[in-house]
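These notes concern the structure reproduced below.
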Amino acid sequence: MMRAQGNGQAMHGHPLRLRQVAVVAVAAASVIGLSACSSGGGGSGGGSGGASAKSTTAPGNAEKGAITWWASPITTSGTDPRTVLISAFEKAHPGITVKLESAPNDTDTNRATLTTQISGGGGPDVYMGDVIWPAQFGAHQLAAPLSQYLPQSYWSTFASGLVGGATYKGQVYGAPFFEDQGFLYYRKDLLNKYNLPVPTTWEEVTADAKKVQAGGDVKYGYVFQGADYEGATCDFMEFLADAGGTVLNSDQTKSTLDSAAADKAMTFEQSLVTGGIAPKASSTFQETQAMNAFSGGDALFLRNWDYAYGQSQSSGSKVIGKVGVAPMPTFQGQPTPGYSNIGGWNLYVNPHSKNIAADLTFIQWMTGSDAQTTLATQFSEIPTNATVRSSADVKGKNPVLAIVSQTKLVPRPAQTPDYPQVSKAIYTAVNGVLAGSAQPKQAISSASTQIDSALSGGL
Ligand code: GLC
């Protein structure tokens, strides 16, 4: 099984600016504060003031303070995991209060809003940010280097590969909070009715879809993410890896996108829409629209992340008890299963936070066994904590986690700080093809040119 790799870049050449030096000083003081275990005084006023010269003062007692947590909704309906976790944290650490700032659902809008706030000197104390952010955020001092705050013994509590994925130039910027992977959700009842086994190839997905659609049992065969946003890159990465293609060369300096594999991947994606298997509106579908079609009983297959299982079984869904989950399919002739893209969210600290010790207490709790068990058993997330992830009891309550050992993963090429432009080139191309305004070959070639231009600083 492939795992997310770290960027393998050495620590040298990482210029510590004045602000970072100050943050490091705060960090060192706070780690001492944490291990000395709440000696009493303090409050939260370290007055780091965006890491000004005063910030050599310890940030305060890690058991006291008020912090803000910026996080987008983790699920699209039902009980809100964020408030469940905050209440449990506040019970465990009664001296710290956490105020939730609800972030935009779409990861791109979320990032744009947050980067504006943080580069302006403001923003939340702790934020839940995408796993594709460490390079960009690390390179632009939008996140504090957590590896300078928390010891190796903490980082070794995570499942393998996750900390590497949150690392940029030798520093870990995010504490892995939950992992997402792409899965194929299917209607158990309908596959049974038509005597069909769970498909393992895209060709079988297409054939099954046609049969069940022709029988009048569903409107759509397959629903997925094709809107003009990051999610379309995630889905495309899976088709591309199945077809044997890549986006960048190994040192992430040049596009390798313009290939027969990319053409095969995008032509197949296009055929899902033109062949009537996926909705005409696929070019406007984010996770929520695909989820709603599936939960509403309108689709035979759904591509979505792990939480989709929990969503499909929660109140309001029309497919409770009728859903199965499998690793992604691949193209005929390729080794099964197909590739699942790696997503997920980390917890980051704003370099301007005045409550770093409390931030760290919160982050450690959220990545510890109580919070991780809640996420895994109540919300079908893949926990990042290695012990929780391997617990038989937890797996028994999370059918998605139970098959995680079978998935084959492909990361997005996010170790370059230019990843936002790289991804935009990809999703713009995919979206144009799905919307019918572009053809695969030409869309891929222009995306490839845009990627090269972004990597050479031209965008
Ligand atoms: C999920 C993934 C995230 C990805 C996003 C795209 O939230 O966890 O990594 O960028 O979907 O929509």
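Predicted model only: the values in this text are computed from it and were never measured. Indexing begins at 1, ligand by ligand and atom by atom, following the structure's order. Numbers here are sequence positions counted from 1. No hydrogens, no waters, no symmetry mates; every other heavy atom, side chains included, goes into these values.
Nearest protein heavy-atom contact of atom 6 (C) of ligand 1 is E287 OE2, 3.5 Å.
Within ligand 1, the atoms closer than 4.0 Å to a non-hydrogen atom of W345 are 1 (C), 2 (C), 3 (C), 7 (O), 8 (O), numbered from 1 in the order shown. For ligand 1, the atoms sitting less than 4.0 Å from at least one non-hydrogen atom of W305 are 1 (C), 2 (C), 11 (O), numbered in the order shown with element in parentheses. Below 4.0 Å from some heavy atom of G343 lie the following atoms of ligand 1, by number and element: 2 (C), 8 (O), 9 (O). For ligand 1 and G344, the ligand atoms under 4.0 Å from any heavy atom of the residue are 2 (C), 3 (C), 8 (O), 9 (O). Atom numbering of ligand 1 starts at 1 in the shown order; those under 4.0 Å from a heavy atom of G231 are 6 (C), 12 (O). Per-residue contacts place D180 under 4.0 angstrom from the following atoms of ligand 1 (heavy atoms of the residue considered): 1 (C), 2 (C), 7 (O), 8 (O). Heavy-atom proximity to E230, at under 4.0 Å, picks out these atoms of ligand 1: 10 (O).
Here the side chain of Y185 pairs no donor or acceptor atom with the backbone of S312 at under 3.5 angstrom.
Remark: the Q311 side chain and the Q313 side chain contain no N/O donor-acceptor pair separated by less than 3.5 Å. E287 and W305 are linked by a side-chain donor-acceptor pair at a separation below 3.5 angstrom, with hydrogens and angles left out of the test. Of the N and O atoms on the side chains of T201 and Q332, not one donor lies less than 3.5 Å from an acceptor on the other residue. For the residue pair S448 / D258, no side-chain donor-acceptor distance below 3.5 Å is found, with atom types taken as modelled.
Neither the backbone nor the side chain of Q286 has any atom closer than 4.0 Å to an atom of ligand 1 (non-hydrogen atoms only).
Listed by chain and number, the residues in a side-chain hydrogen bond (donor to acceptor under 3.5 Å, both in side chains) with W133 amount to none (sequence neighbours excluded). The side-chain contact (heavy atoms from CB on, under 4.5 Å) search around A290 returns V223, Q225, F285, L302, not counting sequence neighbours.
If you check each of D130, T107, I342 against atom 4 (C) of ligand 1, the one with the closest non-hydrogen atom is D130.
Remark: K210 NZ is loosely packed, at most 12 non-hydrogen atoms of other residues, nucleotides or ligands lying under 6.0 Å away.
At least one heavy atom of R412 sits less than 4.0 Å from an atom of ligand 1. In this structure, Y229 is part of the shell of residues with a heavy atom less than 4.0 angstrom from ligand 1.
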